[in-house]
Amino acid sequence: MSLTFDAISTTLSRLRHDETPADGRSRAAVAMILAERTAGLQLLFLERAADERDPWSGNLAFPGGRVEPGETQRQAAERETREEAAIDLAAARLLGRLADCVGAHQPVRVACFAYGFGDVPLAVTINHESRDAFWVNLTDLTDQRRHITTEVHFRGSSTVTPAICLPHPGKPVLWGITYRLVMQFLEIHGLI
């Protein structure tokens, strides 16, 4: 697999976005952070901290959150990434934006902006909202043996859903909005 930042940028530039959809959902934005490594591209994931007030408590996510009044979706993704992971995305290459995802269990519309860092050391310092931060090789995400259907729990109920088992023991499966964003990214680049 030899996906480059130029190829990602070209593919994402073809997508169109409605900046103000009239669907009544709250707006949120996340940053999909890719890093070039010797073994290939890697994606950064956060494992959310356990918090009964957080509907995504304990799940895997990209850095991000609610769009505040007066800021754009991109500004929200960049602000949230600074707050949650201490990463300044001004030092990264903006690769583009994926199509928005809407919550299946929450009334939210999530914009996802992809950023690329070259093969340089990148320190990640999480805040109280996360339990852990870790990198996953793109090849692990495309490995069909890791793609499963499993039961997950969300706000006191169970559902069966597609997911990806990551190569990190003890981590939850990747499912939900973050899973759908990853799958969208892989599909539009012909990786699955």
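Residue indices begin at 1 and follow the sequence shown.
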Without placing hydrogens or testing angles, list every side-chain donor-acceptor pair under 3.5 Å for residues 32-43, not counting sequence neighbours.
unit_1 : atom_1 : unit_2 : atom_2 : d
R37    : NH1    : V120   : O      : 3.4
Q42    : NE2    : N137   : OD1    : 2.8

Would you say [X] and [Y] make side-chain contact, with heavy atoms under 4.5 Å?
X    : Y    : result
W135 : V124 : yes
T142 : L191 : yes
I87  : L44  : yes
R79  : E83  : yes

Starting at [atom1] of [X], measure out to [atom2] of [Y] and round the result to the nearest 0.5 Å.
X    : Y    : atom1 : atom2 : value
E80  : E71  : CD    : CD    : 7.5 Å
L95  : F185 : CG    : CZ    : 7.5 Å
L94  : E78  : CG    : CD    : 7.5 Å
L138 : L186 : CG    : CG    : 6.0 Å
Q144 : I164 : CD    : CD1   : 8.5 Å
D143 : L141 : CG    : CG    : 9.5 Å

Next on the checklist: side chain to side chain contact (heavy atoms under 4.5 Å, CB included), that's the test. Do R25 and D100 meet it? Break it down for me.
Outcome noted: CA-CA 12 Å; R25 295 175 181 271; D100 292 356; over 6 Å; no

How far apart are the closest heavy atoms of [X] and [Y], and which atoms are they?
X    : Y    : answer
T178 : A61  : OG1-CA, 3.5 Å
A29  : Q73  : CB-O, 3.1 Å
Y179 : P162 : OH-CB, 3.4 Å
A77  : T81  : O-OG1, 2.7 Å
F117 : L122 : CD1-CD2, 3.7 Å
L46  : S130 : CD1-OG, 3.6 Å

Is it the case that one hydrophobic cluster holds both [X] and [Y], taking links as side-chain heavy atoms less than 4.5 Å apart, direct or via other members?
X    : Y    : result
L15  : V182 : yes
I188 : I192 : yes
V67  : L181 : no

Item to check | F45: ring-ring contact (aromatic ring centres under 6.0 Å, His included) partners, not counting sequence neighbours | outcome: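 F62.
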
Checklist entry - For H147, what residues pass the ring-ring contact (aromatic ring centres under 6.0 Å, His included) criterion, not counting sequence neighbours? => result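 Applying ring-ring contact (aromatic ring centres under 6.0 Å, His included) to H147 gives none.
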
Got a donor-acceptor contact below 3.5 angstrom from the [X] side chain to the [Y] backbone?
X    : Y    : result
S9   : F5   : no
R109 : V102 : no
Q184 : L98  : no
R16  : S13  : yes

Next on the checklist: With side-chain contact (heavy atoms from CB on, under 4.5 Å) as the test, pick out the partner of L166 among D140, L60, V173.
Outcome noted: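 Option passing the side-chain contact (heavy atoms from CB on, under 4.5 Å) with L166: L60.
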
Checklist entry - Tell me the salt bridge (Lys or Arg N to Asp or Glu O under 4.0 Å) pairs involving residues 166-177, sequence neighbours left out? => result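 Sorted result for residues 166-177: E47-K171, D132-K171.
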
Checklist entry - Does R82 have any salt bridge (charged side-chain N to carboxylate O under 4.0 Å, His left out) partners at least two apart in sequence or in another chain, and if so, which? => result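 Here no residue qualifies.
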
Next on the checklist: Among residues at least two apart in sequence or on other chains, which ones pass salt bridge (charged side-chain N to carboxylate O under 4.0 Å, His left out) with R14?
Outcome noted: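 If we apply the salt bridge (charged side-chain N to carboxylate O under 4.0 Å, His left out) test to R14, skipping adjacent residues, there are no hits.
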
Checklist entry - Are the charged groups of R48 and E84 less than 4.0 angstrom apart, N to O? => result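 Counted as a salt bridge, because a side-chain N and a carboxylate O are separated by less than 4.0 Å.
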
